[in-house]
Amino acid sequence: GGLTVLAITNSVPLAYAKLSPIGLDIDKRHEAAVLFVKENNLQGNMWNNYDIGSYLEWALPEYETFVDGRPEAFPVEFFKDVYKPMQEKQEIWNQKIEKYGVEWVFAALTDATPWFKKWWVMMQNNSGWKLVYVDDYTAILVKKDGINNQIKAAGRAKTMEILKIF
């Protein structure tokens with residue numbers, strides 16, 4: 001009798017893994033959006049919401065995330081002075097996007113925080129951004145005057161304005 005240890009490398013963040021009848025399985029809700037990013041070779045800095053950051057670090061390691069699911073990796077001031085306020089006020093969003101050189105957004109629509117809900121409504125009235133991908137779980141937007149402005153909307157995004165999900 002010995003002990004067998006299985007090491008898993010490049011593991012999926014546990015928030016995006018779920019138990020299946022046989023073991024862990026990857027949550028595939030954002031797979032199509034990740035494929036869209038890869039196929040369109042999005043350029044520049046990305047803004048993402050907290051809920052999706054760790055998954056993106058695994059699924060799109062070639063891109064740097066804005067934030068991920070490790071609160072201990074960011075100072076409290078980041079959430080208090082940057083992350084949350086930029087989702088609540090258009091002028092702060094504009095300032096921070098400029099400061100961090102953000103060219104595109106990968107947003108998990110599963111984020112139920114009040115500040116994300118405000119951000120989503122705010123983006124409906126923001127003419128500087130173009131929705132290029134949307135499904136039930138994810139939205140991808142690009143700056144209209146940015147380096148990704150040539151990317152055409154695909155799928156549901158071709159026929160829709162920003163979804164009113166809240």
Side-chain angles (χ1 to χ4, degrees), residues 8-18 24-71 73-74 78-79 82-84 86-87 93-94 96-113 115-166:
I8 301 174
T9 59
N10 198 18
S11 61
V12 177
L14 286 180
Y16 283 92
K18 59 184 179 181
L24 284 178
D25 190 14
I26 297 171
D27 183 342
K28 297 181 169 130
R29 294 179 294 178
H30 305 286
E31 249 181 17
V34 165
L35 184 60
F36 178 86
V37 170
K38 289 179 178 182
E39 287 176 348
N40 287 280
N41 192 29
L42 291 177
Q43 301 293 308
N45 294 337
M46 164 181 56
W47 182 88
N48 61 278
N49 47 344
Y50 178 85
D51 293 20
I52 194 73
S54 295
Y55 172 79
L56 291 174
E57 288 173 346
W58 173 79
L60 293 169
E62 62 272 30
Y63 293 96
E64 186 175 337
T65 58
F66 188 79
V67 66
D68 65 38
R70 300 170 303 137
F74 300 88
F78 172 77
F79 291 104
V82 177
Y83 180 72
K84 189 178 167 195
M86 71 187 297
Q87 293 177 73
W93 169 260
N94 293 341
K96 300 300 183 186
I97 290 303
E98 186 70 29
K99 177 180 179 180
Y100 294 104
V102 172
E103 290 288 335
W104 61 286
V105 169
F106 192 112
L109 300 178
T110 52
D111 187 338
T113 59
W115 47 89
F116 180 76
K117 291 177 183 181
K118 282 183 182 178
W119 176 84
W120 190 242
V121 171
M122 181 176 72
M123 293 306 283
Q124 293 177 46
N125 300 313
N126 190 330
S127 62
W129 291 83
K130 174 172 75 169
L131 181 69
V132 292
Y133 177 90
V134 67
D135 61 27
D136 291 338
Y137 310 106
T138 314
I140 298 173
L141 299 95
V142 299
K143 282 175 83 174
K144 283 186 178 176
D145 65 352
I147 58 178
N148 297 301
N149 66 353
Q150 78 290 351
I151 293 175
K152 303 286 186 230
R156 287 172 41 191
K158 284 196 292 193
T159 58
M160 301 175 73
E161 291 298 316
I162 299 238
L163 294 173
K164 294 182 180 175
I165 60 171
F166 299 114

Side-chain contact, heavy-atom cut-off 4.5 Å: N126 with W93?
yes

For A59, check side chain to side chain contact (heavy atoms under 4.5 Å, CB included) against everything at least two apart and list the hits.
V34, Y55

Residues which pass side chain to side chain donor-acceptor pair (under 3.5 Å) with W115, listed by chain and number, not counting sequence neighbours
T113

Mind checking whether W47 and Y100 have side chains closer than 4.5 Å, heavy atoms only?
no

Residues 60-69, side-chain donor-acceptor partners within the protein, below 3.5 Å, at least two apart:
residue: Y63; atom: OH; partner: L42; partner atom: N; Å: 3.4
residue: Y63; atom: OH; partner: L42; partner atom: O; Å: 2.9
residue: T65; atom: OG1; partner: E57; partner atom: OE2; Å: 3.0
residue: D68; atom: OD1; partner: R70; partner atom: N; Å: 2.9
residue: D68; atom: OD1; partner: R70; partner atom: NE; Å: 3.1
residue: D68; atom: OD2; partner: R70; partner atom: NE; Å: 3.1
residue: D68; atom: OD2; partner: R70; partner atom: NH2; Å: 2.9

Which residues satisfy the side chain to side chain contact (heavy atoms under 4.5 Å, CB included) test with K143, sequence neighbours excluded?
I97, E103, W129, D145

Residues V102 and M46: closest non-hydrogen pair is CG1-C, 4.2 Å

Residue pair I140 / A33: nearest heavy atoms and the distance that separates them
CD1-O, 3.6 Å

Compare every heavy atom of K144 with every heavy atom of S127, then report the nearest pair and how far apart it is.
O-CD, 3.0 Å

Using the test side chain to side chain donor-acceptor pair (under 3.5 Å), find all partners of N94 that sit at least two apart in sequence or belong to another chain.
Q90

Using modelled atom types and a 3.5 Å cut-off, is there a donor and acceptor pairing between side-chain atoms of K130 and backbone atoms of N148?
no

Test side chain to side chain donor-acceptor pair (under 3.5 Å) applied to N41 - qualifying residues, sequence neighbours left out
Q43

Any donor-acceptor pair under 3.5 Å from W119 side chain to M86 backbone
no

Look only at the side chain of Y83 and the backbone of Y50, and say whether a donor-acceptor pair between them is shorter than 3.5 Å.
yes

Search all heavy atoms of A139 against all heavy atoms of L131 and return the closest pair with its distance.
CB-CD1, 4.0 Å

Between W120 and L109, is any pair of side-chain heavy atoms under 4.5 Å apart?
yes

Sequence neighbours excluded, the answer for side chain to side chain donor-acceptor pair (under 3.5 Å) partners of N48 is none

Among residues at least two apart in sequence or on other chains, which ones pass ring-ring contact (aromatic ring centres under 6.0 Å, His included) with Y133?
F36

When you look at V37 and W104, which way does the side chain to side chain contact (heavy atoms under 4.5 Å, CB included) test go after all the steps?
CA-CA 10 Å; V37 170; W104 61 286; 3.7 Å; yes

In this structure, CG of L141 is separated from CD1 of I151 (nearest 0.5 Å) by 11.5 Å

